[in-house]
Amino acid sequence: MAQSRASLRVRRRVFLRALGLGLGASAAARLSSVALAQVGAAPQRFMLLYVPHGVPPEHFKPQVMASDPTAFALDQSGVSILGPLQEQFKPYVSVVQGIKYPDGAMTHEAIRVCLSGLAGAGEKMLPADDAPRVTLEHQIANAWQVKPLVLGAVPHRPFGLDQDAKLMWDGTPVVPEKNPLLAYDSVFGSLGGAAPPSGPDPDVALTDALHALTEAELVALQKELTALTAEQTKLKTHLEAVQALKATGAGVGSSCDAAPMLSAVEALRTAAAGQGDDFFLKEENFPQLLAAQLQIAGAALRCNARRVVAVQPMYANCELDFGFMGSSGPHHSSLSHTQPQQDQMQTGLDLATRDKFAKCQRWFFEELVKHTLSALLEPDPADPGRKVIDNTIVYVTSEIGEGAYHKTHTDALQPGPGAPVLSYVPSVLIGGGGGGLKPGRVVTFAQDRPAGDVYRSICEALGVTGNFPDSQAAVTEVLA
Amino acid sequence: MTGRASLLALLLLGAACSATGNEGAEPAGAAGSPATGGGGPGPGPDPSTVCGESKLGAPRLRRLSRDELTSTLHDVFPEQQGAWTSPLSADPVSTHGFDNDAQVLVVGKQTAVELDRLGDALGAAVSGAALGQVLPCAAASPDVACAKEFIATFGKRLFHRALTAEESGRYAALFEQVLSAKDFATGIRYVTRALVQSPHAIYRREVGTLQGGTYQLTPAELATALAYDFSGSAPSDALLAQAEAGQLATPEQLEAAARALLATDKGLATVEKFFNSWLGYGRVGSVTKPSVPEFEQLREQMLSETRRFLGEVVVTQRGGLKELLTASFTTPSAALASFYGFPAPAADYGVTQRPAGRGIGILAQGALLASLSGPAASSPTKRGLLVMERLLCREVPTVPADVPTLAPPQPGVQTTRQRYEMTHARGSCQTCHANFDPIGFGFEHFDEVGRYRDLDGGLPVDSSSYVPNGGTHLFDFASLEELAQGLAAQELPYECASGYVSTYVFGGAEACLGETKRPAFIAQQAGFIDYLASLAAEPHFRQRRLAP
């Protein structure tokens with residue numbers, strides 16, 4: 001069978017890059033083959049979407065018919081947060097119910113705790129803490145030796161990155177790119193440019209020489225300051241980061257020949273013209289920013305321009321008013337923190353506000369479908385004959401389950417008359433993962449399993465060995 | 001004394017308390033500062049700790065913050081301003097709300113990538129059409145000697161010292177390697193990219209040399225510390241020369257240099273940044289107030305009003321905390337004055353007396369009040385927490401796992417205060433909220449955008465309350481004016497504020513580094529600018545103890 005144009009391009013670029021690194025032709029050819037094998041017949045991709053501050057379980061739970069985990073509906077639970085997936089994507093969806101986050105997963109810290117599988121250290125945890133956290137998306141990217149595209153719409157407060165926003169970790173906090181225009185240019189800016197040079201790319205060797213210079217300076221500084229213990233740690237972190245610069249490329253090369261036209265990005269380009277950097281942290285611009293980022297995520301995955309993408313809308317404690325989509329009120333304190341059941345001590349159950357919050361969380365899925373998943377239904381340019389979604393896993397989660405109670409494990413709630421509702425930590429997998437997943441099912445555990453089991457399963461499906469200390473075993477029910 | 005210690009034990013008892021406020025209030029603790037939105041790693045030292053005498057801190061490398069690095073590059077390459085865009089992300093902020101904490105700022109993988117991109121963006125600008133402007137020899141003789149001139153000139157500005165021969169040789173070798181494959185301009189681009197991400201450019205070095213049992217900072221390190229601490233940017237050639245000439249050796253010389261820097265535009269911006277980080281009023285620029293359509297047009301003016309107010313109180317009048325809390329004037333635009341219901345100023349942002357009963361000082365600033373509110377209602381919790389944390393230096397407790405819900409607004413039935421009292425006065429909530437909500441009730445005459453109100457949802461506002469103090473009242477008050485005056489009459493807020501000032505200047509982490517002039521600040525004999533400048537005369541500014 002003839003190789004695709006994309007795979008030939010990948011092989012050639014890897015080969016040239018290897019030559020640039022000073023490898024011999026035979027070694028370069030080997031590296032090229034390895035990279036191609038990784039891409040292989042199923043060029044897999046991964047996307048993480050974080051939805052802040054939980055879900056009201058009575059509006060989230062899939063309805064499973066006759067105890068058959070493959071017979072379920074996503075649009076028959078109140079507001080149906082997962083409803084937008086029902087029509088086109090249900091065959092690609094697996095919902096895992098009955099997971100728990102690691103001990104110490106405190107409220108808004110939980111996302112970085114759970115996504116790394118490492119127990120939390122409470123407030124005293126430092127950005128460069130002793131046990132470097134590597135969250136799911138970075139573990140996959142590291143294994144694939146690609147740089148993840150991490151985007152965030154209003155992902156932190158204007159003055160900087162506080163605890164609520166430290167959602168992605170790779171030893172140090174990862175600040176999502178807030179500006180979709182910069183993200184677009186970094187992903188697609190080179191498309192349509194000049195053809196690659198015919199010989200080894202000198203830029204690779206020169207860039208490596210540049211980073212070697214910085215590395216040498218850091219090593220010398222370490223030697224000079226051996227007596228300063230705290231500064232040694234700082235320099236070690238810095239040195240490892242520079243060494244990672246040398247080792248990590250952006251991706252495997254785009255499968256698209258031209259930069260895609262993305263309507264939300266173009267609209268934003270107009271709206272942001274002449275605006276300062278703070279435009280991209282203004283809450284009023286949030287819907288536009290998220291739409292653009294989700295479109296970029298979809299296009300980047302479709303084009304195989306980025307194999308690992310993460311999108312972080314807002315942050316755990318964000319008080320953005322969702323009046324723009326009809327659920328007025330601050331997302332965190334008024335909408336998510338809505339009494340989930342009658343409580344002797346508290347005010348009564350507020351079903352109307354819970355509906356509003358559910359609509360907010362549903363809106364995220366609507367946007368995901370509209371701007372990202374729809375792009376993944378197209379044929380995979382790197383794998384003709386299959387759709388992009390067949391080769392992709394989109395994982396949607398939150399740092400907590402029920403919002404008002406900050407649940408990080410399964411619990412029964414009584415949000416209204418009738419049977420209690422089990423509140424699960426949201427865990428939704430979408431896509432085929434290149435054949436690694438067995439989608440289209442609801443997997444429910446009677447006893448909570450560590451969230452790391454799900455992440456480990458995602459990694460296994462993608463051919464990656466994940467390291468999640470809380471994990472005990474993969475969730476075989478979702479694996480092919 | 002330490003305000004934090006006296007209250008901490010009590011707060012910790014309230015393990016299940018809720019610090020959730022109203023629409024827009026934020027839980028405390030893990031979320032950092034609910035009032036200012038700050039927060040980050042570790043509680044750090046209590047800023048209100050007063051030690052009696054100044055100590056020496058540890059030698060350190062302080063990574064430049066995003067603002068410091070960007071400002072530096074604009075200073076070093078002024079011709080290129082506007083020709084490049086910084087890809088640097090926002091910095092992590094410390095528990096105290098500052099983005100310059102030496103312990104927090106590190107170069108992780110993402111920062112390394114961004115520094116590389118920053119260097120390349122600047123390198124492209126420098127080596128582009130304007131190269132002849134930056135490096136005149138590039139036009140006549142674009143050769144290795146010319147590149148070495150570039151390395152020596154701009155390396156010194158970026159490293160804040162002359163490069164050693166070995167360092168120059170490394171950069172020259174990189175240039176020559178690029179030249180052999182590319183061209184002169186590309187070589188300069190690579191050299192610029194390498195210089196910008198060098199640890200010698202990224203870190204402010206406060207290490208010194210060992211002399212007589214302590215580390216003595218070098219002249220270049222002193223000039224660098226002065227420049228960044230008091231103007232937020234790199235030292236000028238003149239300042240470096242002054243240091244090398246031994247003119248920044250004594251405490252008096254250093255304090256005088258600090259005063260001179262604080263008087264510059266950059267110095268004033270550094271002062272304003274401190275106040276914004278400390279009090280968090282800048283958040284007004286990003287919040288939404290859907291029920292007040294005029295807010296969108298006015299919020300930038302609110303920010304300008306507060307900046308101008310600080311300029312008048314702190315800089316022009318050389319005021320201290322008392323003046324900051326109790327100034328009887330504000331500095332609104334004409335549009336803002338109309339919005340607030342104040343007399344029109346003679347000119348936009350001119351000094352205007354507040355009508356009686358319409359608040360005083362910084363706590364009545366529209367930017368602050370709007371920042372410390374929800375989108376649709378005021379937040380006694382947020383406002384109370386600001387005072388508790390940033391003026392009384394009491395630690396905010398960790399947010400519990402089961403934050404309950406605040407009752408929805410019921411205009412005509414309940415005031416905001418009554419809603420808070422109803423929800424937070426019961427059960428485990430009370431343990432925590434009893435420590436800050438009562439303070440916040442003092443602000444209740446001001447709505448979510450800082451406008452005065454006698455009625456809240458048609459019901460009379462009650463702003464009489466007290467400042468809790470471990471089961472007793474530190475003092476009672478009937479209004480925001482009395483709250484501000486009451487705080488100004490206590491010693492603790494002065495201890496707390498001065499602790500925040502020294503934490504900001506010295507980059508966090510250690511207490512007791514700025515004690516010499518602190519008693520004068522606490523005794524209201526020195527203002528903010530005086531105390532700020534005095535920190536340059538502290539022993540810690542010139543010396544460091546042996547590690548750790």
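Quick note on labels: first sequence line is chain A, next is B, and so on, each numbered from 1. For clarity, every value in this text was computed on a predicted model and none was experimentally measured.
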Take A/Leu245 and B/Gln197 through the test side-chain contact (heavy atoms from CB on, under 4.5 Å) and record every step on the way to the result.
CA-CA 12 Å; A/Leu245 267 183; B/Gln197 62 189 292; 4.1 Å; yes
Highest number of heavy-atom pairs under 4.5 Å with chain A among B/Asp120, B/Leu115, B/Val107 belongs to B/Val107
Under a 4.5 Å heavy-atom cut-off, does chain A meet the side chain of B/Val207, its backbone, both or neither?
side chain
Interchain contact, A/Leu225 with chain B, by part (heavy-atom threshold 4.5 Å):
side chain
Atom pair CG/CG of B/Asp116 and A/Leu210 - distance to nearest 0.5 Å:
6.5 Å
Segment of A/Glu224 engaging chain B (4.5 angstrom heavy-atom cut-off):
side chain
Considering only heavy atoms from C-beta outward, does the side chain of B/Leu61 approach that of A/His238 to under 4.5 Å?
no
Looking only at non-hydrogen atoms, find the nearest pair between A/Leu206 and B/Leu174 and report the distance.
O-CD1, 4.3 Å
Contact class of A/Ala209 relative to chain B, heavy atoms under 4.5 angstrom
both
Is it the backbone or the side chain of A/Glu177 that comes under 4.5 Å from a heavy atom of chain B, or both, or neither?
side chain
Pick one of side chain, backbone, both or neither for A/His211, based on which atoms fall under 4.5 Å of a heavy atom in chain B.
side chain
Heavy-atom cut-off 4.5 Å, strictly under: side chain, backbone, both or neither for B/Pro290 against chain A?
side chain
Is chain A contacted by the side chain of B/Tyr171, its backbone, both, or neither, given a heavy-atom distance below 4.5 Å?
both
Measuring from atom OG1 of A/Thr207 to atom CZ of B/Arg193, what distance do you get when rounded to the nearest 0.5 angstrom?
4.0 Å
Spacing of A/Lys147 atom NZ and B/Gln110 atom CD [to the nearest 0.5 Å]:
6.5 Å
Considering only NZ, NE, NH1 and NH2 on the basic side and carboxylate oxygens on the acidic side, decide whether A/Glu284 and B/Arg299 come within less than 4.0 Å.
yes
Interatomic distance, CD@A/Glu319 vs NZ@B/Lys382, rounded to 0.5 Å, equals 6.0 Å
Reported CG-to-NZ distance for the pair A/Asp203 and B/Lys182, which is rounded to 0.5 angstrom:
3.5 Å
Need one label for A/Leu218: side chain, backbone, both or neither, based on atoms under 4.5 Å from any heavy atom in chain B.
both
Could you give me the CA-CA distance, side-chain angles and deciding distance for B/Arg170 and A/Glu217, then say whether side-chain contact (heavy atoms from CB on, under 4.5 Å) is met?
CA-CA 10 Å; B/Arg170 280 185 193 154; A/Glu217 288 185 323; 3.6 Å; yes
Would you mind checking which part of B/Arg544 comes under 4.5 Å of any heavy atom in chain A, side chain (CB onward), backbone (N, CA, C, O), both or neither?
neither
Looking only at A/Thr214, A/Leu281, A/Leu213, the option with the highest number of non-hydrogen pairs under 4.5 Å against chain B is A/Leu213
Using side-chain hydrogen bond (donor to acceptor under 3.5 Å, both in side chains) as the criterion, list what pairs up with B/Lys273, not counting sequence neighbours.
B/Asp67, B/Asp99
B/Ala181, part contacting chain A, at a heavy-atom distance under 4.5 Å:
side chain
Could you tell me which non-hydrogen atom of B/Ala112 sits nearest to which non-hydrogen atom of A/Val242, and how far apart they are?
CB-N, 4.4 Å
Between OG on residue B/Ser86 and CG on residue A/Leu182, distance to nearest 0.5 Å
9.5 Å
Name the member of A/Val175, A/Asp277, A/Leu335, A/Asn179 that forms the most heavy-atom pairs with chain B at distances under 4.5 Å.
A/Val175
Donor-acceptor contact below 3.5 Å, side chain A/Lys234 vs main chain B/Ala102
yes
Only counting residues at least two apart or in another chain, list the ones meeting side-chain hydrogen bond (donor to acceptor under 3.5 Å, both in side chains) with B/Lys109.
none
Which portion of B/Arg117 sits near chain A, non-hydrogen atoms under 4.5 angstrom:
side chain
Using a cut-off of under 4.5 Å for heavy-atom pairs, which of B/Gly282, B/Gly119, B/Gly108, B/Pro199 has the most such pairs with chain A?
B/Pro199
Using heavy-atom distances under 4.5 Å, tell me whether A/Asn285 contacts chain B through its side chain, its backbone, both, or neither.
neither
